[in-house]
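Right, one structure below, let's go through it.
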Amino acid sequence: QVQLVESGGGLVQAGGSMRLSCAASGRVASVNAMGWYRQNPGKQRELVATITSTRSTNYADSVKGRFTISRDNAKNTVYLQMNTVKPEDTAVYYCNADRILYYSGHSASQSWAYNTWGQGTQVTVSS
């Protein structure tokens, strides 16, 4: 099976920077679109940014000009560079992959994993 493993969260001061990473682990062949979402208690999970396998990007209006999503296809990893962070950026950040192609079983057969989520990483911005 495959999973997404996030890293890089923590505490940062307002106006500072932080970088999140998310790697697809397991017998991964390729990953299609990947993205970052965030959620606060009692609120719906919201899109932060997405990036396709060809590196087309999309951002929430609230983070445009401050956050940058990127990916390394060779490492099956997506990054979120967060600059000029604000207290309202505080949330649990989740990584998502819409489709992961992976090798399954003992042969070289391949399967798809759909809509895979990471475990989440807390980002807290202090004012």
Side-chain angles (χ1 to χ4, degrees):
Q1 298 300 328
V2 295
Q3 59 180 342
L4 296 176
V5 180
E6 299 150 353
S7 60
L11 178 65
V12 60
Q13 286 192 332
S17 297
M18 178 172 284
R19 189 193 198 204
L20 305 181
S21 300
C22 171
S25 66
R27 301 172 66 200
V28 177
S30 64
V31 185
N32 284 16
M34 303 184 77
W36 289 95
Y37 296 74
R38 64 188 182 187
Q39 187 172 24
N40 279 305
K43 295 190 176 181
Q44 285 194 333
R45 191 170 296 185
E46 63 177 8
L47 178 146
V48 177
T50 60
I51 185 168
T52 68
S53 58
T54 55
R55 295 183 172 82
S56 293
T57 58
N58 179 52
Y59 295 92
D61 288 342
S62 59
V63 306
K64 281 181 181 177
R66 300 188 298 120
F67 291 8
T68 301
I69 189 170
S70 61
R71 65 188 291 166
D72 184 335
N73 288 339
K75 296 180 179 180
N76 296 313
T77 298
V78 64
Y79 306 96
L80 185 68
Q81 178 66 42
M82 306 165 61
N83 296 329
T84 319
V85 295
K86 304 175 180 179
E88 51 264 43
D89 294 322
T90 296
V92 177
Y93 283 71
Y94 294 91
C95 173
N96 175 269
D98 73 337
R99 291 191 299 169
I100 301 175
L101 184 65
Y102 66 98
Y103 297 100
S104 57
H106 297 288
S107 66
S109 62
Q110 295 179 329
S111 299
W112 287 102
Y114 296 94
N115 196 29
T116 304
W117 290 92
Q119 79 282 4
T121 184
Q122 176 70 47
V123 173
T124 301
V125 181
S126 63
S127 57

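Positions are given from 1, in the same order as the sequence printed here.
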Quick one, Asn73 with Arg55, criterion side-chain contact (heavy atoms from CB on, under 4.5 Å). Give me CA distance, side-chain angles, the key distance, then yes/no.
CA-CA 10 Å; Asn73 288 339; Arg55 295 183 172 82; 3.7 Å; yes
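- The shortest distance between side-chain heavy atoms of Arg38 and Ser62 falls below 4.5 Å.
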What do the steps show when you test Ser17 against Asn83 for side chain to side chain donor-acceptor pair (under 3.5 Å), and what is the final call?
CA-CA 4 Å; Ser17 297; Asn83 296 329; 2.9 Å; yes
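- Residues Gln122 and Thr90 have side chains in contact (heavy-atom distance under 4.5 Å, counting atoms from C-beta outward).
- The distance from atom CG of Asn115 to atom CG of Asp98, rounded to the nearest 0.5 Å, is 8.0 Å.
- Note on Asp61 versus Lys64: salt bridge recorded, some NZ/NE/NH1/NH2 to OD/OE distance being below 4.0 Å.
- The minimum heavy-atom distance linking Trp36 with Ile69 is given by the pair CD1-CD1, 3.7 Å.
- In this structure, Gln1 places its CD atom where only 12 or fewer heavy-atom neighbours from other residues, nucleotides or ligands lie under 6.0 Å away.
- Using cut-offs of 30° and 60° on the angle between ring planes, the pair Trp117 and Tyr94 is perpendicular.
- Taking all atoms of both residues into account, the shortest heavy-atom contact from Thr121 to Glu6 is N-OE1, 3.4 Å.
- In plain terms, the two heavy atoms of Ala91 and Gln39 that are nearest each other are CB-O, 3.6 Å.
- Across all their heavy atoms, Val123 and Gly9 have their closest contact at CG2-CA, 4.2 Å.
- Between the CE atom in Met82 and the CZ atom in Arg66 there is a gap of 7.5 Å [rounded to 0.5 Å].
- Under the 4.5 Å side-chain heavy-atom criterion for Ile, Leu, Val, Met, Phe, Trp and Tyr, Met34 and Val5 are members of distinct hydrophobic clusters.
- For the residue pair Thr116 and Leu4, the shortest heavy atom distance occurs at O-CD1, 3.2 Å.
- Taking the side chain as every heavy atom from C-beta outward, Val28 and Ile100 approach each other to under 4.5 Å.
- Note that CZ of Arg71 and OG1 of Thr50 are 10.5 Å apart. Values are rounded to the nearest 0.5 Å.
- Hydrophobic clustering keeps Phe67 apart from Tyr79 (ILVMFWY residues linked when any side-chain heavy atoms are closer than 4.5 Å, directly or through intermediates).
- Here Ser53 contributes atom OG and Arg99 contributes atom CZ; the two are 9.0 Å apart, rounded to the nearest 0.5 Å.
- Hydrophobic clustering (side-chain heavy atoms under 4.5 Å, transitive across Ile, Leu, Val, Met, Phe, Trp, Tyr) keeps Val92 apart from Val12.
- Counting heavy atoms from C-beta on, the side chains of Leu47 and Asn58 come closer than 4.5 Å.
- If you take OH on Tyr37 and CG on Leu80, they are separated by 12.5 Å, rounding to the nearest 0.5 Å.
- Closest approach of Ser104 to Ser111, counting heavy atoms only: OG-OG, 2.9 Å.
- In the displayed structure, Gln13 atom CD is contacted under 6.0 Å by at most 12 heavy atoms of other residues, nucleotides or ligands.
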